[in-house]
Engineer: 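One structure is given below, represented as structure tokens, and several questions about it will come after.
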Amino acid sequence: MADRFDVLVIGAGPGGYVCALRAAQLGLKVACAEKRATLGGTCLNVGCIPSKALLQSSENYAALTHDFAAHGITAGSVGLDLARMLARKGEVVSANVKGVEFLFRKNKVTWLKGEAQITAPGKVAVAGTEYEATSIVIATGSESMPLPGVPVDETRIVTSTGGLELSEVPKHLVVIGGGYIGLELGSVWRRLGAEVTVVEFLDRIVPTMDAEVATAFQRVLAKQGLKFRLGTKVTAAAATDDGVTLTVEPAKGGAAERIAADVVLVAVGRRAFTDGLGLDAVGVARDERGRVKTGAHYATNVPGIYAIGDVIAGPMLAHKAEDEGVALAERLAGQAGHVNYGVIPGIVYTWPEVASVGQTETELKAAGIAYNVGKFPFTANGRARAMGDTDGFVKLLADKTTDRLLGAHIIGPDAGTLIAELATAMEFGASAEDVARICHAHPTLSEAVKEAALAVDGRALHV
Ligand code: FAD
Ligand code: NAD
């Protein structure tokens with residue numbers, strides 16, 4: 001007789017493995033199928049974690065080569081051991097994926113090794129063995145979006161996966177796409193010495209973020225040496241042994257031109273991954289973008305089959321996938337888990353960082369919501385001055401009538417940590433006045449958040 005589970009999760013990324021852990025914590029009998037040799041999904045293996053390891057290493061290198069002299073610190077000749085840097089990144093990944101394996105053992109989650117296919121409602125085949133499950137959770141994540149005319153070989157023309165593994169610093173890296181991946185990995189290789197050109201189809205970078213932040217962000221990155229070709233589309237790429245020739249033209253039409261690169265990084269978005277799952281045979285509906293359609297509480301149209309994470313609608317972020325995993329597990333155990341989609345922070349881990357939560361001005365205008373803006377620059381923050389990191393500002397948007405916080409947008413040092421206070425405030429329905437009245441320690445970067453909250457009412461103290 002086939003092994004039977006209460007919950008069988010397909011995919012061990014942050015959505016799937018967290019769902020499996022939470023369901024097991026709640027006393028359910030749980031299995032998680034993963035076709036990759038290690039647990040942790042895109043995020044731990046080829047996404048969040050390795051990219052942050054390289055961002056940290058390259059940031060250290062850039063600080064030593066560019067910034068320390070201003071602090072009165074000089075060093076002899078500074079070397080770059082890229083092989084060691086990449087090996088360290090591998091060690092960080094390894095520690096994280098082994099951590100998930102440990103958590104599976106601790107919580108008695110059965111890891112089914114291999115590619116899973118849903119053969120019928122309640123039935124999943126993994127590596128030739130069929131299992132039964134009361135609930136099946138699709139958490140198969142996403143993959144890099146291909147770009148017509150730009151064939152990826154992961155050596156000369158790479159996705160983020162190859163972009164995390166370049167064995168030497170390219171002389172000229174062309175990044176296609178000025179979003180999260182393009183700017184993070186573009187920053188890594190720029191700091192390590194590459195000339196980096198970002199080719200972006202739209203007339204601005206990070207299109208989902210606050211427009212004013214995006215303009216400031218581009219200016220700071222340009223100061224660091226990144227070059228931008230906005231409003232430009234790539235129509236073809238030809239790789240040779242020595243490099244790549246890209247054909248680009250203005251997005252709105254015009255003469256084509258060639259750009260020579262050593263390496264091209266394709267970072268034009270990601271798409272839901274459902275290959276080989278057998279969704280058509282069991283009748284699981286997908287939307288026009290190939291994402292699994294879910295209704296209330298992550299249920300698909302087929303009873304007993306659910307979906308979470310990058311494979312469904314919403315921002316493709318690890319913490320969104322994790323929170324959906326927890327909420328679904330709690331629902332399956334008879335509890336009332338939920339996710340507040342209005343308060344999901346997004347962070348670009350460049351330096352300075354860019355972080356945002358809630359609505360942008362563009363969204364508020366489109367929704368016809370009247371709002372006040374409070375802004376405070378890091379140039380006026382004592383700690384930022386002491387650090388020598390004064391680029392950027394905090395910008396808060398609050399309802400004009402009620403003063404309730406509707407959005408927060410930060411570009412600046414440690415913006416990713418600072419945004420947590422504002423996410424917490426928004427979860428509690430705080431007003432700008434509430435944040436302004438909280439005692440923030442001095443001297444900290446968080447005082448810029450308090451000052452921006454004061455600025456909503458025109459009473460910032462230090463500008
Ligand atoms: P995934 O992590 O993609 O996991 C899905 C898993 O399912 C994979 O391991 C896959 O092998 C497995 N699978 C697929 N099909 C099957 C099958 N049929 N049988 C068995 N297993 C299967 N997000 C952030 O929040 N912060 C960041 O800093 C960040 N940085 C990123 C950097 C990069 C370079 C990339 C590419 C992404 C980054 N992301 C980041 C996005 C983040 O990685 C994803 O949002 C997150 O991994 C989604 O989790 P998931 O569980 O839905 O899917
Ligand atoms: P993205 O959606 O962030 O950015 C893609 C960019 O490519 C956009 O600016 C878009 O306008 C542009 N673009 C699209 N088609 C183009 C074309 N033909 N030519 C030129 N530009 C084009 O996508 P991404 O950077 O590939 O990252 C994928 C997803 O992974 C992100 O949306 C995010 O959800 C996740 N991610 C998150 C983090 C993080 O949280 N720090 C880091 C990396 C990735």
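From a predicted model like this one, the values you see are computed outputs, not experimental measurements. Note that ligands are numbered from 1 as they come in the structure, with each ligand's atoms numbered from 1 the same way.
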Engineer: Show me which atoms of ligand 2 lie under 4.0 Å from any heavy atom of Ile176.
Structural biologist: 19 (N), 20 (C)

Engineer: How does Lys320 reach ligand 1, if at all, at less than 4.0 Å between non-hydrogen atoms: by side chain, backbone, both, or neither?
Structural biologist: neither

Engineer: Are Thr38 and Asn45 close enough that a side-chain donor and a side-chain acceptor fall under 3.5 Å?
Structural biologist: yes

Engineer: Identify, for atom 44 (C) of ligand 2, the protein heavy atom at the shortest distance, and state residue, atom and that distance.
Structural biologist: Ile181 CG1, 3.4 Å

Engineer: Considering heavy atoms of the protein only, find what lies nearest to atom 21 (N) of ligand 2 and give residue, atom and distance to 0.1 Å.
Structural biologist: Phe201 N, 3.2 Å

Engineer: Quick one: nearest non-hydrogen protein atom to atom 53 (O) of ligand 1, plus distance?
Structural biologist: Gly141 CA, 3.2 Å

Engineer: Write out the residue and atom name of the closest protein heavy atom to atom 17 (C) of ligand 2, then the distance separating them to 0.1 Å.
Structural biologist: Val268 CG1, 3.8 Å

Engineer: For atom 23 (O) of ligand 2, grab the closest protein heavy atom and report residue, atom and distance to one decimal in Å.
Structural biologist: Gly269 CA, 3.3 Å

Engineer: Considering only heavy atoms, which of Met145, Arg270, Lys320, Glu353 lies nearest to atom 30 (O) of ligand 2?
Structural biologist: Arg270

Engineer: Using distance alone, decide if ligand 1 has a nitrogen or oxygen within less than 3.5 Å of any nitrogen or oxygen in Lys35.
Structural biologist: yes

Engineer: Can you tell me the protein heavy atom closest to atom 4 (O) of ligand 2 and the distance?
Structural biologist: Gly179 CA, 3.2 Å

Engineer: Is ligand 1 under 4.0 Å from a heavy atom in the side chain of Ser144, in the backbone, in both, or in neither?
Structural biologist: neither

Engineer: Applying salt bridge (Lys or Arg N to Asp or Glu O under 4.0 Å), can you list everything that pairs with Arg291, at least two apart in sequence or on another chain?
Structural biologist: Asp287

Engineer: Nearest non-hydrogen atom to atom 5 (C) of ligand 1 belongs to which of Ala139, Gly41, Gly11?
Structural biologist: Ala139

Engineer: Show the atoms of ligand 2 that are less than 4.0 angstrom away from any heavy atom in Met316.
Structural biologist: 33 (C), 34 (O), 35 (C)

Engineer: Rounded to the nearest 0.5 Å, what separation is found between the CG atom of Leu54 and the CG atom of Leu86?
Structural biologist: 6.0 Å

Engineer: Looking only at distance, does Lys233 have an N or O less than 3.5 Å from an N or O of ligand 2?
Structural biologist: no

Engineer: Can you pull out the closest protein heavy atom to atom 39 (C) of ligand 2? Residue, atom name and distance to 0.1 Å, please.
Structural biologist: Tyr180 CD2, 3.1 Å

Engineer: Among protein heavy atoms, which sits nearest to atom 7 (O) of ligand 2, and what does the distance come to when rounded to 0.1 Å?
Structural biologist: Gly177 CA, 3.3 Å

Engineer: Identify, by atom number and element, the atoms of ligand 2 in contact range of Leu202, meaning under 4.0 Å from any of its heavy atoms.
Structural biologist: 11 (O)

Engineer: For Val234 and ligand 2, answer yes if some heavy atom of the residue is under 4.0 Å from a ligand atom, otherwise no.
Structural biologist: no

Engineer: Report, in ascending order of atom number, the atoms of ligand 1 lying under 4.0 Å from any heavy atom of Leu317.
Structural biologist: 23 (N), 25 (O), 45 (O)

Engineer: What atoms in ligand 1 come closer than 4.0 Å to a heavy atom of Ala321?
Structural biologist: 49 (O), 52 (O)

Engineer: Mind checking salt bridge (Lys or Arg N to Asp or Glu O under 4.0 Å) for Glu330 and listing every partner two or more places apart, or none if nothing turns up?
Structural biologist: Arg22

Engineer: Hey, is ligand 1 close enough to Asp310 that some N/O pair sits below 3.5 Å?
Structural biologist: yes

Engineer: Could you tell me whether Ile347 approaches ligand 2 through its side chain, its backbone, both or neither, with non-hydrogen atoms closer than 4.0 Å?
Structural biologist: backbone

Engineer: For ligand 2, which atoms, with element, lie under 4.0 Å from some heavy atom of Tyr349?
Structural biologist: 41 (N)

Engineer: For atom 8 (C) of ligand 1, which of Lys52, Glu34, Glu115 has the closest heavy atom?
Structural biologist: Glu34

Engineer: Identify, for atom 9 (O) of ligand 2, the protein heavy atom at the shortest distance, and state residue, atom and that distance.
Structural biologist: Glu200 OE1, 2.6 Å

Engineer: Heavy atoms only, cut-off 4.0 Å: how does Leu147 contact ligand 2, side chain, backbone, both, or neither?
Structural biologist: side chain

Engineer: Does Pro315 have a non-hydrogen atom less than 4.0 Å from ligand 2?
Structural biologist: no

